[in-house]
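What follows is a single structure, written as structure tokens, with notes after it.
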Amino acid sequence: GLGTISLLEYIQSKYPNCTIHEVVLIEPSTVAISRAEANIKTWGKNIQLKVINKKFEDVEKIEIKFNTPHDTIDIFSNILDVEHVDLRAISRLLAVNNNVAHHIACISPYYFSGNRRISAFLRYFEYPLNGYIQDSQTEKTYSQNFTYNFQYFKLDANARNLVSRY
């Protein structure tokens with residue numbers, strides 16, 4: 001939820017004429033998804049919000065299929081680095097809406113096993129990754145008491161090899 005709100009605020013500040021049509025939240029924790037839903041409803045009253053209270057591997061394709069011509073932004077914040085999350089299931093869900101471009105942001109704290117899992121997720125897609133960007137802060141500083149690993153790439157609409165391996 002916080003990643004979504006941060007993105008919504010960024011888009012509003014940089015692109016004031018941009019309209020966000022829909023937000024889909026997928027989260028297995030009832031508490032976390034309820035909090036995220038409340039925060040997003042407070043932020044954007046006109047945004048259509050779809051809440052899916054499930055693990056990624058339990059999400060049905062019909063639950064996330066949409067018929068919009070607009071690009072999507074997929075934020076994977078502090079989820080890809082979790083060991084029990086099925087990375088293959090997430091990659092398959094991205095292929096459901098291959099009629100639009102996907103801008104994929106992968107964010108987690110910077111640490112070895114988390115970085116390894118994000119790299120494993122990226123290997124599910126055809127290389128070279130379109131528009132690939134990587135940024136990280138590997139050590140905490142006095143003014144910034146956090147680390148991060150950020151990776152971005154774009155999947156083009158109607159790409160034949162959207163997901164390259166299962």
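All values derive from a computational prediction rather than experimental measurement. Positions are given from 1 along the sequence.
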Problem - Note, Phe76 side chain near Ile104 side chain (heavy atom, < 4.5 Å) - result: yes
Practice task
Among residues two or more places apart or on two chains, list those pairs meeting side chain to side chain donor-acceptor pair (under 3.5 Å) that have a residue in residues 112-122.
Solution key: Glu83-Arg116, Asn115-Asn149
Problem - Any Tyr124 side-chain heavy atom under 4.5 Å of Leu94 side chain - result: no
Practice task
Evaluate whether atom NZ of Lys54 has more than 12 neighbouring non-hydrogen atoms of other residues, nucleotides or ligands under 6.0 angstrom away.
Solution key: yes
Handout entry: pair Asp135-Tyr148: side-chain heavy atoms closer than 4.5 Å
Key = yes
Exercise for the section: Give the ring-plane orientation class for Tyr10 versus Tyr15, where under 30° counts as parallel, over 60° as perpendicular and anything between as tilted. Expected result: perpendicular
Problem - Exercise: identify the closest heavy-atom pair between Cys106 and Leu122 - result: SG-CD2, 4.4 Å
Handout entry: Short side-chain donor-acceptor distance under 3.5 Å, Asn97 and His102
Key = no
Practice task
Find out whether Leu8 and Gln12 are in side-chain contact, i.e. whether some heavy atom of one side chain is under 4.5 Å from a heavy atom of the other.
Solution key: no
Exercise for the section: Could you tell me whether Lys14 atom NZ has more than 12 heavy atoms of other residues or ligands within 6.0 Å of it? Expected result: no
Exercise for the section: Inspect the surroundings of CD in Gln144 and state if more than 12 heavy atoms from other residues, nucleotides or ligands are less than 6.0 Å away. Expected result: yes
Practice task
Please name the pair of heavy atoms, one in Ser29 and one in Ala32, separated by the smallest distance, quoted to 0.1 Å.
Solution key: OG-N, 3.1 Å
Problem - Flag if over 12 foreign heavy atoms under 6.0 Å of CZ, Phe146 - result: yes
Fill in the blank from the handout: When rounded to the nearest 0.5 Å, the distance separating CD of Glu63 from CG of Leu93 is 9.5 Å
Exercise for the section: Can you see which heavy atom on Asp71 is nearest to which on Val100, and at what distance? Expected result: CA-CB, 4.4 Å
Handout entry: Side-chain touch Asp81/Tyr111, heavy atoms, less than 4.5 angstrom
Key = yes
Handout entry: Check: Ile26 main-chain N/O paired with Asn53 side-chain donor or acceptor under 3.5 Å
Key = no
Problem - Distance, nearest 0.5 Å, that separates CG of Leu49 from CD1 of Ile40 - result: 5.5 Å
Exercise for the section: Find out whether Ser108 and Ile79 are in side-chain contact, i.e. whether some heavy atom of one side chain is under 4.5 Å from a heavy atom of the other. Expected result: no
Handout entry: Distance-minimising heavy-atom pair for Lys140 and Asn145
Key = CD-OD1, 3.2 Å
Handout entry: Any side-chain heavy-atom pair of Ile20 and Leu7 under 4.5 Å
Key = no
Completion exercise
d(Gln151 CD, Ile118 CD1) to nearest 0.5 Å is 6.0 Å
Exercise for the section: Locate the shortest heavy-atom distance separating Tyr110 from Thr147; write the atom from each residue and the value. Expected result: N-OG1, 3.0 Å
Fill in the blank from the handout: Between Ala105 and Phe150, the two heavy atoms sitting closest are CB-CE1, 3.9 Å
Handout entry: Side chains of Lys65 and Asn99 in contact at under 4.5 Å (non-hydrogen atoms)
Key = yes
Handout entry: Heavy atoms from other residues, nucleotides or ligands near NZ of Lys61 exceed 12 (cutoff 6.0 Å)
Key = no
Problem - Gap between atom NZ of Lys50 and atom CG of Leu25 - 0.5 Å precision - result: 11.5 Å
